[in-house]
Asker: 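This is the structure, below, for whatever I ask next.
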There are 2 protein chains.
Amino acid sequence: MVPPNGRLPLSRERVLAAGLALADAHGLESLTMRRLGEALHVEAMSLYKHVANKGDLLDGMTDLVFAEIALPPDGAAWRPAMRDRAISARAALRRHPWATALVSSRTSPGPATLRHHDTVLRTLRTGGFSVPLAAHAFSAIDSYVYGFALQEATLPFDTAEEAAEVAQTMFARMAADRYPHLTELTVTHVLQPGYDYGAEFEYGLDLILDGLERALAAT
Amino acid sequence: MVPPNGRLPLSRERVLAAGLALADAHGLESLTMRRLGEALHVEAMSLYKHVANKGDLLDGMTDLVFAEIALPPDGAAWRPAMRDRAISARAALRRHPWATALVSSRTSPGPATLRHHDTVLRTLRTGGFSVPLAAHAFSAIDSYVYGFALQEATLPFDTAEEAAEVAQTMFARMAADRYPHLTELTVTHVLQPGYDYGAEFEYGLDLILDGLERALAAT
DNA sequence: AGTCCTACGCTTACAACGTAAGCTCGTCAA
DNA sequence: TTGACGAGCTTACGTTGTAAGCGTAGGACT
């Protein structure tokens, strides 16, 4: 099993994991076949023995991210289940910001992705949702989660200090009084100590869950 | 003004517009500097007289898409204003599917983008929203719109017939009974004649607006 | 009229990318 | 012992973004 020469052999899993690590560390744009090979102490072309092409690599990485999302246990109540899964999904997309952009460009879902969606639907259906209402719920929640992750990934800062710095240079460039309300929001809210954009997530999520609960009750 | 030789001169506007047209017609991945030059009957390097680099080009194109979104008129009631603008935004992102992915990778907003955001905030504030509640509303609606557009852009089909075809090959590959609820949803709902994923958009949107209205009333 | 400057488009060149084609060589079954 | 197989390597090609510098036409000024 273990080869007598020093290094353990490549495998699809090792390639995907290394790709994920590289994208996490230095961004998706710096994930090239040559650099990925380097990280694995292998020539670029050797990767093609385990991955059909770069698209296949990205598909596999995307599926790995989906596999990190916690799935609701069998028989869980729909509302906490949806809430937990949405929070878990956002956390996964936040750990791997490049993945949000990939979701849009890669069209063929992997097994973890399919399993994920199927479990969500099961939870809704056993929670009393009709098929059309389950479709509504699924679409609304997923759109919100992806969209939030997309915006979060776009923010060019992670900490409050960085935010302040960015806002500073932004306003310097844009003549603050041309966008008075944007300025107001930034100065009196976003730049306040303790502000955390991530906290917005649960507010909007609960807005949607409230609405779905009402819609379900009206059935 | 008009040069004596045949062709009218390049300009940043012409370059951006041609880029947008090319991306619309053949997808973002086929937008290369050489092809863009060809479309304008110019060599690739000439474009750099009007655009700093490809990133600048993409930023400009993104801002053009934002400029297509209808802004609420002064003094409009917040709820119809938010509704119309969300619908208009989705329509613009649907016309230019590549733009949704760009929003995530491009960090520096253009003037149309800033103006757009500022107008939205103005409408909310004059509608009675406090700054924090306006932030909540802004974040929730925008996340939903982008997320929906992202999912819509991912769908590998445009018409119901194409959808049926795609579903067919997908299920053939994935052993239908491994994902029973996904199968149920697809067969009894998505593949029904007249199904239109786009219709889901307004359902989720109204869910959010209902919630915001309630939150505002509770102030 | 002659001179110069400035824009703008063109040419050439290069490093980095994804990947096709074919090679090498260690491992193991027969 | 042999022969096949498969993982990793080498080489090579076309395409990409863009740096550097050239040519030239038109307008401004003397």
Side-chain angles (χ1 to χ4, degrees), chain A residues 1-62 98 101-102 104-108, chain B residues 1-62 98 101-102 104-108:
Chain A
M1 218 82 267
V2 165
N5 69 6
R7 58 190 177 182
L8 71 165
L10 241 41
S11 69
R12 176 165 233 265
E13 286 66 40
R14 290 225 308 140
V15 171
L16 295 184
L20 193 139
L22 216 162
D24 281 352
H26 303 106
L28 193 59
E29 74 287 349
S30 79
L31 170 60
T32 73
M33 298 305 274
R34 287 173 229 262
R35 271 202 274 265
L36 181 53
E38 202 174 336
L40 288 162
H41 305 106
V42 140
E43 294 301 316
M45 286 309 293
S46 302
L47 301 170
Y48 286 89
K49 283 278 170 346
H50 306 275
V51 151
N53 48 47
K54 191 168 186 184
D56 184 32
L57 168 68
L58 297 178
D59 283 339
M61 289 167 53
T62 307
W98 45 267
L102 274 193
S104 78
S105 56
R106 319 266 79 228
T107 48
S108 62
Chain B
M1 221 80 272
V2 166
N5 69 4
R7 57 194 180 179
L8 72 164
L10 240 41
S11 70
R12 177 164 232 265
E13 285 67 39
R14 290 224 311 140
V15 171
L16 295 184
L20 192 139
L22 216 163
D24 281 352
H26 303 105
L28 192 60
E29 75 287 350
S30 79
L31 172 60
T32 73
M33 298 307 273
R34 288 174 229 263
R35 271 203 276 268
L36 181 54
E38 202 174 339
L40 289 162
H41 305 105
V42 140
E43 294 302 315
M45 285 311 291
S46 302
L47 300 170
Y48 286 88
K49 284 272 147 47
H50 305 275
V51 152
N53 49 46
K54 191 168 184 184
D56 183 33
L57 169 68
L58 296 178
D59 283 340
M61 288 167 55
T62 307
W98 45 267
L102 275 194
S104 77
S105 55
R106 319 266 81 228
T107 48
S108 64

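In what follows, chains carry the letters A, B, and so on, assigned in the order in which the sequence lines appear, proteins first and then strands, with residues in each chain numbered from 1. These values consider heavy atoms only, across backbone and side chains, with no hydrogens, waters or symmetry-generated copies.
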Asker: Which pair of heavy atoms, one from B:L47 and one from B:M33, lies closest together, and at what distance?
Answerer: CD1-O, 3.3 Å
Asker: Looking only at heavy atoms, what is the nearest atom pair of A:N53 and A:D56, with distance?
Answerer: OD1-N, 2.9 Å
Asker: Report the distance from atom CZ of B:R12 to atom P of C:dC8, rounded to the nearest whole Å.
Answerer: 14 Å
Asker: Of all heavy-atom pairs between B:H50 and B:S11, which one has the smallest distance, and what is that distance?
Answerer: ND1-CA, 3.7 Å
Asker: Nearest whole Å is fine: how far is D:dT15 C1' from B:L31 CG?
Answerer: 14 Å
Asker: Rounding to a whole Å, what distance do you find between B:L58:CG and D:dG17:C1'?
Answerer: 12 Å
Asker: Grab the two heavy atoms, one from A:A39 and one from A:L22, that are nearest each other, plus how far apart they are.
Answerer: CB-CD1, 4.3 Å
Asker: Is it the case that C:dG18 (base atoms only) and A:K54 (side chain only) share a donor and an acceptor within less than 3.5 Å, ignoring hydrogens and angles?
Answerer: no
Asker: State whether B:S46 places a side-chain N or O below 4.0 Å from either non-bridging phosphate oxygen (OP1 or OP2) of C:dC8.
Answerer: no
Asker: When the distance from CG of A:N53 to P of C:dA20 is rounded to whole Å, what number comes out?
Answerer: 8 Å
Asker: For A:T32 and B:A44, take the nucleotide of DNA chain C holding the closest heavy atom to each; which residue's nucleotide lies nearer the 5' end?
Answerer: B:A44
Asker: When the distance from CD of A:E43 to P of C:dC17 is rounded to whole Å, what number comes out?
Answerer: 13 Å
Asker: When you match A:R34 and A:H50 each to their closest nucleotide on DNA chain D, which lands nearer the 5' end?
Answerer: A:H50
Asker: Expressed as a whole number of angstroms, how long is the span from A:L36:CG to C:dG18:C1'?
Answerer: 13 Å
Asker: From the options C:dC17, D:dT18, C:dG9, select the nucleotide whose nearest atom is closest to the side chain of B:Y48.
Answerer: D:dT18
Asker: Can you measure A:L47 atom CG to D:dG6 atom C1' for me and round it to whole angstrom units?
Answerer: 16 Å
Asker: To the nearest Å, give me how far apart CE (A:M45) and C1' (D:dT10) are.
Answerer: 10 Å
